[in-house]
Undergrad: 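Have a look at this one.
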Amino acid sequence: MRIPDNFDPASAEEKWYKTWEENGYFHADENDGREPFSIVIPPPNVTGSLHMGHALNNTIQDIIARWQRMMGKSVLWMPGMDHAGIATQNVVERLLREEGKSREELGREEFEKRVWEWKEHSGGQIKGQLRRLGSSLDWERERFTLDEGLSKAVQKVFKTLYDEGLIYKGFRIINWCPRCETALSDIETEYRELDGSFWHIRYRIAGTDEYIVVATTRPETMLGDTGVAVNPDDERYSHLVGKKVILPLVEREIPVFADSYVDREFGTGLVKVTPAHDPNDYEMGKRNGLEEINIMDTRGFINENGGVYRGLDRFAARKKIVEDLDKGGYLVKVEKHTHSVGHCYRCQTVIEPYLSSQWFVKIKPLAEEAIKSVEDGRIRFVPKNWEKTYYEWMYNIRDWCISRQLWWGHRIPAYYCDECGEMHVELDAPSKCSKCGSAKIRQEEDVLDTWFSSGLWPFSTMGWPENTAALQKYYPTSVLVTGFDIIFFWVARMIMMGLKFMDDIPFRDVYIHALVRDEHGHKMSKSRGNVVDPLIMMDKYGTDAFRFTLAVFAAQGRDVVFSEKRLEGYRSFTNKIWNSTKFILMNLPEDFKPEQLEPSRLEVFDRWILHRLNITVERVSLALEEYRFNDAANELYDFYWHEFCDWYIELTKQRLYSKDNSQAESSETARQVLYHVLSQSLKMMHPFMPYVTEEIWEGIKNSDEHLMVSSWPKKDSLYVFEKEASETETFKEIVYKIRNVRGEMNVPPDKKASVVFKTGSEDIAALIKREEVHIIALGRLSGITVDPAYVPDKSDASAVMSELEIYLPLKGLIDLGMEKSRLEKEITKAGSDLEKVEVKLSNESFTSKAPAEVIEKETKKRDELAAIVEKLKESLNKLAEL
RNA sequence: GGGCGAUUAGCUCAGCUGGUUAGAGUGCCUGCUUGACGUGCAGGAGGUCACUGGUUCGACUCCAGUAUCGCCCACCA
């Protein structure tokens, strides 16, 4: 048994990932007869590389997957990536631009080829990063949202929904991105408050010299105005209803009409109506029979309907129109106005409401069951408060625009006959029109929203629409791990689609984790330029430390601000684990064999640490079950470092180094306990820090089994030792008191004092005598005596516990003034605690209403504190006599 | 306008269903070549738990309000 002097993360990471994979540990076997546990990865977009959010997301999933595997489950963690329609198309277009090309020049087929090449590149990079992170994904099952099988699933879903009337084609106002030249769904529009202007414009009433004033934030849209609306109850303008006004610049006569949508208080109470470029105006136009005039092309330039402004970009047109209005005397005033403006979530271009023909999913019928599945607890959000967000959106859900005017995506399986215009929705392209028999068939140019295919992810990846063994065993999945930013985009859609097509929920739990934010609380994103690269962190600190830090940060219900300082601290932890193992191994013989530890062999500290180990097993397991990753990680950290290393290992040194032959059995027991606690700890730490733990395991294991596939520790009922645990706490307090006095008094370590213990308690006296060696070693003493009748010397430094007084005769070694102020400080501290307790106990309503056990506890505390204060005062008085 | 969350040590953060001496990492101070580790060991300083009320015998913890910050949704002619 041996490990190298130093841990080298880079080589261990490469070696172990390869070994695990080659041994097939990542692969899920449908036929293994074990209880299934499944997770599907939120498929990363093939747009580049992974960021901190991905690192957190996948670390959590890997912790769960590794833990469940060690729990003996048949674990499937399904890998894959998302084609990410707009986002990926944009990336490739940018690359083309750098080459001086455009996608139009390439043509659709060639362009798609280029995107596939990019997909290979980006996908490869992402896979490399996931591997580096240690993700135990079943790579044999890797899927892509645009691969053949998933395309089949998409077509099947589309056709089914279409046949049932849940997908329809409609001519409507949608959100249009003039840069991406595609429609977007409502949730793909991000609203931002912008400072703009509110232009007040004068319209002449036809046939008169009177004017009205309308106000607008988008003056360019007046080119498409076909009416002016007033509130039907607005007396100021009721005489105008039915009249016509002259649209300035355009010189078109348009009607004034009444519509209750208009808010009398806002602006001038008169609304210019542009049915083709505003959703509300569109509705009003429909209600009042207005003409719809589209004035823009797909890139946001004014089209032939815009007269002299034709060819101008929408913002240039706005500027020019305002100038012309001003020149023509139509501009009454300009106010400052802030309003929220929709932006494309992929390219941040200002969205244009745009009238066009698109495909929609009629979503309400699907939403109903999806709401129910959360209400009745079949699906559970963790933390629970996200359910409210989910309901809020689902109750107010609007039809989903699923068509995109892109080249990268699932082409909509609709076919048009060029002869008779008939539309066919089919799984396979029809060779001729079923209505007129023509062979002139053309497929719909539009592709589907990326989220349409990712919404099928939990079952499409398992082979649906075939009824595969994987689906039977692993669907529904056990848990979905994701960020709250895609609850609407993805989680809700998967729930709806899963219920509709699998007739079952897609996952039991939805664990919503924190978003990794920058120091200003902003999302880390490439466009903001505030990203921390996970690869750099892994290079610098090792993957294990990085993962452990993320786990510690993963507290529920709160976002995290990433801190490299904390990462540094947890790297030290991996170092600590390594070095402590080195110590243990150098104390084990060549032929060391782990044995079952009979309780009768165990000494008090052995019992204590095994008891603590039991508690840690329980706490870590419970925390993992409840998705409290930070608690689990902290529990392991505290146990391993501050109990096992700081105390138990230190305590074994006296036993291990003893030259006394009668101590041989005691040291052998210590060796067994050290090995046992180490190996059990490694198991529990493995899901968090897979590499360093497996590397250590390689050096200490006594079988061929790798740590990754070993079994998760269970509480051992043989090792429940309450009494020894509490005795050890007393022991620790004794040592702590001695160290405290030495430290406070600046007693140099080479000045070894002898300590006198004065106690009336036989238990404590026995404890001290029995653990004499350890007290001497840990307190750095020359010797100890127990003397119930000890009369302290005036120059003794002292410390007080509830049933014990500790005296350090430091004649000549200490500064009496220092000791005096130290005692005063102690008295103040204990005194104020005592006072608090006394106030409480003298309060009659407390003693009459508080539960008995609380009163008992407080009473005991008061007695102890009182005794301590008393003793401290005595010591101080003696000092004063000098 | 509606909703959610945050405010705890210099910094980054934990503290579950009310009773703890309010913790961790990091930073700071003191001492340490203690036969695993200075990425370490021992000791220490540092907090009116944002503010104001309320409920309660008892509030960092529950309730209401205020302030500041952040996020989501809706509307904005």
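Convention: sequence-line order gives letters A, B, ...; per-chain numbering from 1.
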Undergrad: Look at the side chain of A/E392 against the base of B/A74 and say whether a donor-acceptor pair falls under 3.5 Å; ignore hydrogens and angles.
TA: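 Donor-acceptor pair under 3.5 Å: no.
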Undergrad: What is the base-pairing partner of B/C11, counting Watson-Crick and G-U wobble geometry with both distances under 3.5 Å?
TA: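 Result: B/G25.
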Undergrad: Counting any heavy atom closer than 4.0 Å, what does A/E844 reach on the DNA or RNA strands: base, sugar-phosphate only, or nothing?
TA: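 It contacts nothing in the nucleic acid.
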Undergrad: When all nucleic acid strands are considered with a 4.0 Å heavy-atom cut-off, which category describes A/V262: base, sugar-phosphate, or nothing?
TA: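 Answer is base: heavy atoms of A/V262 come under 4.0 Å of a base.
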Undergrad: Go through A/Y345 and A/E190 one step at a time and tell me if the side-chain hydrogen bond (donor to acceptor under 3.5 Å, both in side chains) criterion holds.
TA: CA-CA 6 Å; A/Y345 84 138; A/E190 290 176 355; over 6 Å; no
Undergrad: I'd like the P distance from B/G19 over to B/C62, given in whole Å.
TA: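 Straight-line distance between the two P atoms is 11 Å.
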Undergrad: Roughly how far, to the nearest 0.5 Å, is CD of A/E352 from CD1 of A/I173?
TA: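 Interatomic distance, A/I173 CD1 to A/E352 CD, rounded to 0.5 Å: 9.5 Å.
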Undergrad: Regarding B/C4, can its base be found pairing with the side chain of A/K388 as donor and acceptor, where the two atoms are less than 3.5 Å apart?
TA: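 It does not, because no donor-acceptor pair links the side chain of A/K388 to the base of B/C4 below 3.5 Å.
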Undergrad: RNA chain B: A/G743 or A/D631, which has the more 5' nearest nucleotide?
TA: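 It is A/D631, whose closest nucleotide lies nearer the 5' terminus.
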Undergrad: Does OP1 or OP2 of B/C41 have a side-chain N or O of A/K576 closer than 4.0 Å?
TA: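 Yes, within the criterion.
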Undergrad: Starting at CG of A/D646 and ending at P of B/C37, how long is that distance when rounded to a whole Å?
TA: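 One finds 15 Å between P of B/C37 and CG of A/D646, rounded.
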Undergrad: Rounded to whole angstrom units, what separation is found between the CZ atom of A/F644 and the C1' atom of B/A36?
TA: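 Going from CZ in A/F644 over to C1' in B/A36 covers 11 Å.
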Undergrad: Any base atoms under 4.0 Å from A/S580, or only sugar-phosphate, or nothing? Heavy atoms, all strands.
TA: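 Base contact - A/S580 has a heavy atom under 4.0 Å of at least one base atom.
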Undergrad: Measure the distance from CH2 on A/W393 to C1' on B/C73 and round it to the nearest whole Å.
TA: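 One finds 12 Å between C1' of B/C73 and CH2 of A/W393, rounded.
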Undergrad: My understanding is that a pair needs two contacts under 3.5 Å, Watson-Crick or G-U wobble. By that rule, which nucleotide pairs with B/C51?
TA: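 B/C51 is paired, partner B/G65.
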Undergrad: B/G44, OP1 or OP2 - any side-chain N/O from A/N740 closer than 4.0 Å?
TA: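 Yes.
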Undergrad: For B/U30 and B/A45, measure between their P atoms and round to the nearest Å.
TA: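 Nearest-Å result for B/U30 against B/A45 at atom P: 15 Å.
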Undergrad: Return the value, rounded to whole Å, for the distance between atom CD of A/E193 and atom P of B/G70.
TA: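 Nearest whole value for this atom pair: 13 Å.
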Undergrad: Applying a 4.0 Å non-hydrogen cut-off, can you work out what A/R398 is touching in the nucleic acid: base, sugar-phosphate, or nothing?
TA: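 Sugar-phosphate contact only - A/R398 comes under 4.0 Å of backbone atoms but never of a base.
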Undergrad: Looking just at side-chain N and O atoms, do A/S580 and A/Y640 make a donor-acceptor pair shorter than 3.5 Å?
TA: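 Note: A/S580 and A/Y640 side chains meet the donor-acceptor criterion.
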Undergrad: Does A/D263 offer a backbone N or O that forms a donor-acceptor pair with the side chain of A/N231 under 3.5 Å?
TA: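 No, A/N231 side chain to A/D263 backbone: no donor-acceptor pair under 3.5 Å.
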Undergrad: Which of the following nucleotides, B/C37, B/A36, B/A42, is nearest to the side chain of A/F583?
TA: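 Among B/C37, B/A36, B/A42, the one nearest the side chain of A/F583 is B/A36.
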Undergrad: Can you tell me the base-pairing partner of B/C16? Count Watson-Crick or G-U wobble geometry only, both distances below 3.5 Å, and say none if there is no partner.
TA: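 WC or wobble partner does not exist here.
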Undergrad: Taking only the P atom of each, what is the distance from B/G2 to B/A59 in whole angstrom?
TA: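 Approximately 32 Å lies between the P atom of B/G2 and that of B/A59.
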Undergrad: Sequence neighbours excluded and cut-off under 3.5 Å, please list the side-chain donor-acceptor pairs for residues 827-842 of chain A, or say none.
TA:
unit_1	atom_1	unit_2	atom_2	d
A/T828	OG1	A/E824	O	2.7
A/S832	OG	A/K829	O	3.2
A/S842	OG	A/E838	O	3.0
A/S842	OG	A/V839	O	3.0

Undergrad: For a quick check of understanding: with a heavy-atom distance under 4.0 Å over all strands, which category does A/Y391 fall into, base, sugar-phosphate or nothing?
TA: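 Since no nucleic acid heavy atom lies under 4.0 Å of A/Y391, the category is nothing.
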Undergrad: With a non-hydrogen cut-off below 4.0 angstrom, is A/T217 in contact with a base, only sugar-phosphate, or nothing?
TA: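 If one applies the 4.0 Å heavy-atom cut-off, A/T217 turns out to touch the sugar-phosphate alone, with no base involved.
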Undergrad: Scan every strand shown for a Watson-Crick or G-U wobble partner of B/G46, both distances under 3.5 Å, and answer none if you come up empty.
TA: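 Looking at the geometry, B/G46 pairs with no nucleotide.
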Undergrad: Counting only side-chain N and O atoms of A/Y191, is one of them less than 4.0 Å from OP1 or OP2 of B/C71?
TA: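 So the side-chain polar atoms of A/Y191 never come under 4.0 Å of the phosphate oxygens OP1 or OP2 of B/C71.
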Undergrad: Go nucleotide by nucleotide along RNA chain B from the 5' end; which of A/F484 and A/V214 gets its closest nucleotide reached first?
TA: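 With A/F484 and A/V214 compared, the 5'-side residue is A/F484.
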Undergrad: Watson-Crick or G-U wobble partner for B/C71, using a 3.5 Å limit on both distances?
TA: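 Pairing partner: B/G3.
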Undergrad: If you take the centroid of each ring, where Trp contributes its six-membered ring, are A/Y637 and A/Y570 closer together than 6.0 Å?
TA: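 They qualify: ring centres under 6.0 Å apart.
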Undergrad: With sequence neighbours excluded, what pairs up with A/K565 under the salt bridge (Lys or Arg N to Asp or Glu O under 4.0 Å) test?
TA: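 Not a single residue meets the salt bridge (Lys or Arg N to Asp or Glu O under 4.0 Å) criterion with A/K565.
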Undergrad: Given B/C72, B/A36, B/G5, which nucleotide is nearest the side-chain atoms of A/Y657?
TA: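 Given the options B/C72, B/A36, B/G5, the side chain of A/Y657 is closest to B/A36.
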Undergrad: Under 4.0 Å between any heavy atoms, over every strand shown, what does A/W641 touch: base, sugar-phosphate, or nothing? Just pick one.
TA: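 Here A/W641 touches the backbone only, sparing every base.
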Undergrad: Without decimals, in angstroms, what is the distance between A/E650 CD and B/G35 P?
TA: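 Going from A/E650 (CD) to B/G35 (P), I get 11 Å.
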Undergrad: If the C1' atom of B/A67 is compared with that of B/C13, how far apart are they to the nearest Å?
TA: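 Per the computed distance, 23 Å lies between those C1' atoms.
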Undergrad: Determine the Euclidean distance between corresponding P atoms of B/A64 and B/C72; express it in Å to zero decimal places.
TA: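 After rounding to an integer number of Å, I get 25 Å for this pair.
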Undergrad: Just the table, please: protein N/O against nucleotides 19-29 of chain B N/O, every pair under 3.5 Å.
TA:
unit_1	atom_1	unit_2	atom_2	d
B/U21	OP2	A/K861	NZ	2.7

Undergrad: Which part of the nucleic acid, if any, lies within contact of A/K272, taking any heavy atom under 4.0 Å across all strands shown: a base, the sugar-phosphate backbone alone, or nothing?
TA: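 Sugar-phosphate only.
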Undergrad: Just say parallel, tilted or perpendicular for the rings of A/H337 and A/F198, cut-offs at 30° and 60°.
TA: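 Answer is parallel, since the angle falls under 30°.
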Undergrad: A/Y261 near the nucleic acid: base, sugar-phosphate alone, or nothing, with a heavy-atom cut-off under 4.0 Å?
TA: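 Result for A/Y261 = sugar-phosphate.
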Undergrad: Please check if any side-chain donor atom of A/D225 sits under 3.5 Å from a side-chain acceptor atom of A/T274, or the reverse.
TA: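 Looking only at side-chain atoms, A/T274 and A/D225 do form a donor-acceptor pair, the distance falling under 3.5 Å.
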Undergrad: Looking only at atom C1', what distance separates B/A50 and B/U61, rounded to whole Å?
TA: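 Rounded to whole Å, the distance is 16 Å.
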Undergrad: Work out how far the P atom of B/U34 is from that of B/C41, and round it to whole angstrom.
TA: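 Approximately 13 Å lies between the P atom of B/U34 and that of B/C41.
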Undergrad: For A/Y395 and A/Y391, take the angle between the two ring planes, folded into 0 to 90°, and tell me which bin it lands in: parallel under 30, tilted 30 to 60, perpendicular over 60.
TA: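 Answer is parallel, since the angle falls under 30°.
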Undergrad: Taking atom P of B/C73 as reference, at what distance in whole Å does atom CG of A/N396 sit?
TA: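 A/N396 atom CG is separated from B/C73 atom P by 13 Å.
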Undergrad: In whole Å, I'd like the distance from the CD1 atom of A/I512 to the P atom of B/C4.
TA: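 In whole Å, B/C4 P and A/I512 CD1 are 17 Å from each other.
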Undergrad: Can you check the A/I649 CD1 to B/G40 C1' distance for me, whole Å?
TA: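 So the CD1-C1' distance, A/I649 to B/G40, works out to 13 Å.
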Undergrad: Are there over 12 heavy-atom neighbours, none belonging to A/E568, within less than 6.0 Å of that residue's CD?
TA: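 Yes.
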Undergrad: On a whole-Å scale, what distance lies between the P atoms belonging to B/C4 and B/C63?
TA: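 Approximately 12 Å lies between the P atom of B/C4 and that of B/C63.
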Undergrad: Please determine, for B/G40, whether a Watson-Crick or G-U wobble partner exists with both distances under 3.5 Å, and give it or none.
TA: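 Result: B/C32.
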